[in-house]
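In what follows, every heavy atom counts, from backbone to side chain, and hydrogens, waters and symmetry copies are set aside. Whatever order the structure lists them in is the order used to number ligands and atoms, beginning at 1.
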Amino acid sequence: MPATLRAICADITTLSVDAIVNAANNTLLGGGGVDGAIHRAAGPELLAYCHTLNGCATGEAKITPGFRLPARHVIHTVGPVWRDGKHGEPALLAACYRHALKLAAQSGLETIAFPCISTGVYGYPPDLAAPCALRAVREELARLPSIREVIFCCFSEEERTRYESLCEIFLA
Ligand code: AR6
């Protein structure tokens, strides 16, 4: 069975999935936006665990337990800071989605929720990030048959609508 892809509008910290993805920074030691929300909801054990990870390179991913979150795990990835789109941003953003999915599959996880990585503080234009994210997920899922469900957890109705229409195009 191919994986289900869907877009919802929600606070990612409320989702009971095998893993939620965190749009972190290279230190993995917390920050604002979705990163701050995840650390607040997971509790101080998450930060203590992240201290042992030695950070994370942009485009790579690392996994931790979810601690007090309903999600069993957090997959931390670091999106690119948007400059002008000519500094490798699309490849790095795609790598975040691909590496997070690969790590989920390697860890035996089947359901995963992504925020719209890099589209907040890191300034990636949402209309360019969404097709890049969807293409990367679709390509990677073709290699990872154990993943059952991918949720694009948007933080506005506008973003959810964008993903929904793209999902229709991509899955047509
Ligand atoms: N649930 C789902 N999505 C959310 C939530 C939430 N609770 N909170 C924010 N978003 P951002 P970035 C959306 O800025 O651009 C941090 O300080 C938000 O509306 O969280 O990758 C890190 O430590 C936007 O669509 O991440 C880094 O320093 C998306 O999540 C830096 O920000 C991503 O916005 C990373 O910046």
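- Atom 15 (O) of ligand 1 has its closest protein heavy atom at Gly120 N, 2.8 Å.
- Although no hydrogens or angles enter the test, the distance criterion places no donor-acceptor pair under 3.5 Å between the side chain of Lys62 and the main chain of Cys56.
- At least one side-chain heavy atom of Pro125 sits less than 4.5 Å from a side-chain heavy atom of Trp82.
- When Thr27, Leu29, Asp35 are checked for heavy-atom proximity to atom 22 (C) of ligand 1, Asp35 turns out nearest.
- Looking at heavy atoms from C-beta onward, Asn22 lies in side-chain contact with Val34 at the 4.5 angstrom threshold.
- Near Asp11, meaning under 4.0 Å from one of its heavy atoms, ligand 1 places the atoms 1 (N), 6 (C), 7 (N).
- With contacts defined as side-chain heavy-atom distances shorter than 4.5 Å, the pair Arg162/Pro126 qualifies.
- Neither Leu101 nor Val74 shares a network with the other; the hydrophobic side chains, linked directly or stepwise wherever heavy atoms of I, L, V, M, F, W or Y lie under 4.5 Å apart, form separate groups for each.
- Shortest contact from atom 36 (O) of ligand 1 to any protein heavy atom: Tyr122 CG, 3.4 Å.
- Under a 4.0 Å N-O distance rule, the pair Glu139/Arg135 does not qualify as a salt bridge.
- Panel note: side chain Asn25, backbone Gly30; a donor-acceptor pair is recorded below 3.5 Å.
- Of the heavy atoms in Ala10, only backbone atoms (N, CA, C, O) come closer than 4.0 Å to ligand 1.
- Side-chain contact between Cys116 and Phe155: absent, with no pair of heavy atoms (C-beta onward) separated by less than 4.5 Å.
- Between Thr77 atom OG1 and Leu28 atom CG the span is 9.0 Å, to the nearest 0.5 Å.
- Near Gly31, the atoms of ligand 1 lying under 4.0 angstrom from a non-hydrogen atom of the residue are 17 (O), 23 (O).
- Shortest contact from atom 33 (C) of ligand 1 to any protein heavy atom: Cys116 O, 3.3 Å.
- Within the structure, ligand 1 lacks Gly79 among the residues with a heavy atom less than 4.0 angstrom away.
- Ligand 1 has no N or O atom lying under 3.5 Å from any N or O atom of Gly33, backbone or side chain.
- Residue contact check: Gly32 has heavy atoms under 4.0 Å from atoms 16 (C), 17 (O) of ligand 1.
- Nearest protein heavy-atom neighbour of atom 6 (C) of ligand 1: Phe155 CE1, 3.4 Å.
- Between Glu159 and ligand 1, no N or O atom pair is found at a separation short of 3.5 Å.
- Between the side chain of Glu89 and the backbone N or O of Asp84 there is at least one donor-acceptor pair closer than 3.5 Å.
- Cluster annotation: Ile20 and Leu103 are assigned to distinct hydrophobic clusters (Ile/Leu/Val/Met/Phe/Trp/Tyr, side-chain heavy-atom contacts under 4.5 Å, transitive).
- Regarding atom 21 (O) of ligand 1, its nearest protein heavy-atom neighbour is Ser118 N, 2.8 Å.
- The distance from ligand 1 to the heavy atoms of Ala37 drops below 4.0 Å at these ligand atoms: 7 (N).
- Annotation: Thr13 places no N or O atom under 3.5 Å from an N or O atom of ligand 1; distance criterion only.
- Residue Ala23 touches ligand 1 through backbone and side chain together, judged by heavy-atom distances below 4.0 Å.
- At a threshold of 4.5 Å between side-chain heavy atoms, the hydrophobic network of Ile, Leu, Val, Met, Phe, Trp and Tyr places Leu93 and Ile151 in two separate groups.
- By the 3.5 Å distance cut-off applied to N or O atoms, Val121 is counted among the residues near ligand 1.
- Residue-to-ligand polar distances keep Pro115 apart from ligand 1: every N/O pair is separated by 3.5 Å or more.
- Of all protein heavy atoms, the one closest to atom 1 (N) of ligand 1 is Ile12 N, 3.0 Å.
- Numbered from 1 in the order shown, with element, the atoms of ligand 1 that lie under 4.0 Å from a heavy atom of Thr119 read 15 (O), 24 (C), 25 (O), 29 (C).
- In this structure, of Val21, Asn22, Val34, the residue bringing a heavy atom nearest to atom 9 (C) of ligand 1 is Val34.
- Side chains of Glu45 and Arg68 form a contact here, defined as non-hydrogen atoms less than 4.5 Å apart.
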